[in-house]
Amino acid sequence: QVQLRESGGGSVQAGGSQKLSCEASPSIYNVDCVAWFRQRPGEGRERVAAINTDGGYPYYGDSVKGRFALWQDGAKNTVYLRMTTLSAEDTATYYCAAVSGKGSCNSGNWYSTNRYNFWGQGAQVTVSS
């Protein structure tokens, strides 16, 4: 069993930046892929980004490409999501998710929420103008 704990949410001004963290326990290497999704009230979960824990380039959703960056620190069992040039459209609850036992993420599957075995509790990010 893997537990995911998000941190770093909060309020930020439009145009600003925020960094979210997702810590996996007991180890990030117990999962194959870690992803971030976000959800606005009344909407479904939207793909944000994902990364395979054995290395490789991250995947990004179209709405965040070029503004968000995802990377991992294996020594800290943590995946980080750096968000820049934030706007009100980025206001949402951000969820960390991880998958184990289903192989690596790729461009054709990383965005499917059904793929992920483990989910964090979510971190609220509010962007104000």
What is the distance from atom CZ of R5 to atom CD of Q121, rounded to the nearest 0.5 Å? 12.0 Å
Quick one: does V34's side chain get under 4.5 Å of C96's, heavy atoms only? yes
Which distance, rounded to the nearest 0.5 Å, do you find between the CD of Q72 and the OG of S21? 13.0 Å
N109 vs K102 side-chain heavy atoms within contact, under 4.5 Å: no
Count I, L, V, M, F, W, Y as connected when their side-chain heavy atoms are under 4.5 Å apart, and connections chain through other members. Are F118 and Y94 then in the same cluster? yes
Please check if Y80 and V48 belong to a single hydrophobic cluster, counting links between Ile, Leu, Val, Met, Phe, Trp and Tyr side chain heavy atoms closer than 4.5 Å. no
Just verifying a value: how many Å separate K19 NZ and F68 CZ, rounded to the nearest 0.5 Å? 14.5 Å
Does atom CZ (R67) have a neighbourhood of more than 12 heavy atoms from anything else shown, all under 6.0 Å? yes
When you measure from the side chain of D32 to the backbone N and O of G101, does any donor-acceptor pair fall under 3.5 Å? yes
Compare every heavy atom of S129 with every heavy atom of A14, then report the nearest pair and how far apart it is. CB-CA, 4.1 Å
Here the gap from E46 atom CD to D62 atom CG, rounded to the nearest 0.5 Å, amounts to 9.5 Å
According to a hydrophobic-cluster definition based on side-chain heavy atoms being under 4.5 Å apart (Ile, Leu, Val, Met, Phe, Trp, Tyr only), do W119 and V99 belong together? yes
If you look at every heavy atom in R38 and A92, which pair is closest and at what distance? CB-CB, 3.9 Å
Checking the side chain of N52 only, and the main-chain atoms of C105 only, is there a donor and an acceptor separated by less than 3.5 Å? yes
Is there a donor-acceptor pair closer than 3.5 Å between any side-chain N or O of N106 and the backbone N or O of G108? yes
Measure the shortest side-chain to side-chain distance between S107 and Y59 over non-hydrogen atoms and say whether it is less than 4.5 angstrom. yes
Is a side-chain donor or acceptor of Q18 paired with a backbone partner of G8 at a separation under 3.5 angstrom? yes
Is there a donor-acceptor pair closer than 3.5 Å between any side-chain N or O of T91 and the backbone N or O of V127? yes
Within the distance-only criterion (no hydrogens, no angle test), does the side chain of N77 pair as donor or acceptor with the backbone N or O of E23 below 3.5 angstrom? no
Residue pair L70 / Y60: nearest heavy atoms and the distance that separates them: N-OH, 2.8 Å
Could you give me the CA-CA distance, side-chain angles and deciding distance for I28 and V79, then say whether side-chain contact (heavy atoms from CB on, under 4.5 Å) is met? CA-CA 8 Å; I28 198 169; V79 169; 3.3 Å; yes
Is the number of heavy atoms from other residues, nucleotides or ligands under 6.0 Å of Q1 CD greater than 12? no
Where is the tightest heavy-atom contact between C33 and Y116, given as atom of each residue plus distance? SG-OH, 4.0 Å
Same cluster (ILVMFWY, side-chain, under 4.5 Å), I51 and Y29: yes
Under 3.5 Å, side chain of R40 to main-chain N/O of E89, donor-acceptor pair present? yes
Do M83 and W36 have side chains that get closer than 4.5 Å, going by heavy atoms? no
Got N30 and S100 here, is their nearest side-chain heavy-atom distance under 4.5 Å? no
So, taking the atom named CG in L86 and the one named OG in S128, what distance separates them when rounded to the nearest 0.5 Å? 10.5 Å
Are L4 and Y95 side-chain neighbours, meaning at least one heavy-atom pair lies under 4.5 Å? no
Report yes or no: does E6 contribute a side-chain atom to a donor-acceptor pair with the main-chain N or O of L20 at less than 3.5 Å? no
Going by heavy atoms in the side chains, are V31 and T53 under 4.5 Å from each other? yes
Just so I know, are the side chains of W110 and R115 near enough to count as touching, which here means a heavy-atom distance under 4.5 Å? no
More than 12 heavy atoms of other residues, nucleotides or ligands under 6.0 Å from NZ of K76: is that the case? no
